[in-house]
Amino acid sequence: MSAVQKKLNEGHLATVLLAPIISEKATRVGEKNNQVLFKVLRSATKPEIKAAVELMFKVEVESVQTVNQKGKTKRFGGRVGRRDHVKKAYVSLKPGQELNFSGEAA
């Protein structure tokens, strides 16, 4: 792999993770299974998600499980609309690894 391909790859990996999911369920899962939840691009693959987390947070990832969640149909005034579809990633960290969102790597 050339240096140009690697740079493009790292640039793409920086866009794979959209946001961490911070909720009661995510906190419970994190404490019980040493997992972290992320909202990711719908086109992202498990190896891309693993590489992105390892690159951005400098932790070792054990495995990645993904869930495609359909957007809910909602009413907005008199019109029917739909929320966006979302892909979630459950990222399992290796034992002894911890991910801290307050002081994350630059």
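Just so it is clear, the structure is predicted and the values come from calculations on it, not from any experiment.
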Enumerate, atom names and distances included, each donor-acceptor pair closer than 3.5 Å involving a side-chain atom of residues 38-56, sequence neighbours excluded.
from, atom 1, to, atom 2, distance (Å)
T45, OG1, E48, N, 3.4
E48, OE1, T45, N, 3.2
E48, OE2, H12, NE2, 3.4
E54, OE2, V61, N, 3.1

Checklist entry - Is atom CG of N68 surrounded by more than 12 heavy atoms (other residues, nucleotides or ligands) closer than 6.0 Å? => result yes
When rounded to the nearest 0.5 Å, the distance separating OG of S92 from CD of Q97 is 12.5 Å
Residues at least two apart in sequence or cross-chain that pass side-chain hydrogen bond (donor to acceptor under 3.5 Å, both in side chains) with E60, listed by chain then number, are none
NZ (K70) and CZ (R83) are apart, to the nearest 0.5 Å, by 16.0 Å
Would L37 and V29 count as a side chain to side chain contact (heavy atoms under 4.5 Å, CB included) if you check the C-alpha gap in whole Å, the side-chain angles of each, and the deciding distance to 0.1 Å? CA-CA 9 Å; L37 272 75; V29 166; 4.1 Å; yes
For residues 15-34, the side chain to side chain donor-acceptor pair (under 3.5 Å) pairs (sequence neighbours left out) are none
Would you call V64 and T66 a side-chain contact if the rule is heavy atoms closer than 4.5 Å? yes
Can you tell me if H85 uses its side chain to pair, donor with acceptor, with the backbone of G71 under 3.5 Å? yes
Let me have the donor-acceptor pairs involving side chains of residues 72-80, under 3.5 Å, with sequence neighbours excluded, atom names and distances please.
none

For this session: Go through the steps to decide whether K88 and Q69 satisfy the test side chain to side chain contact (heavy atoms under 4.5 Å, CB included), and finish with yes or no.
Result: CA-CA 7 Å; K88 294 181 186 178; Q69 185 177 28; 3.1 Å; yes
Hydrophobic cluster membership, with links at side-chain heavy-atom distances under 4.5 Å among I/L/V/M/F/W/Y: are L17 and V59 in one?
yes
With distance as the sole criterion, is a donor-acceptor pair present between the side chains of Q35 and Q65 under 3.5 Å?
-> yes
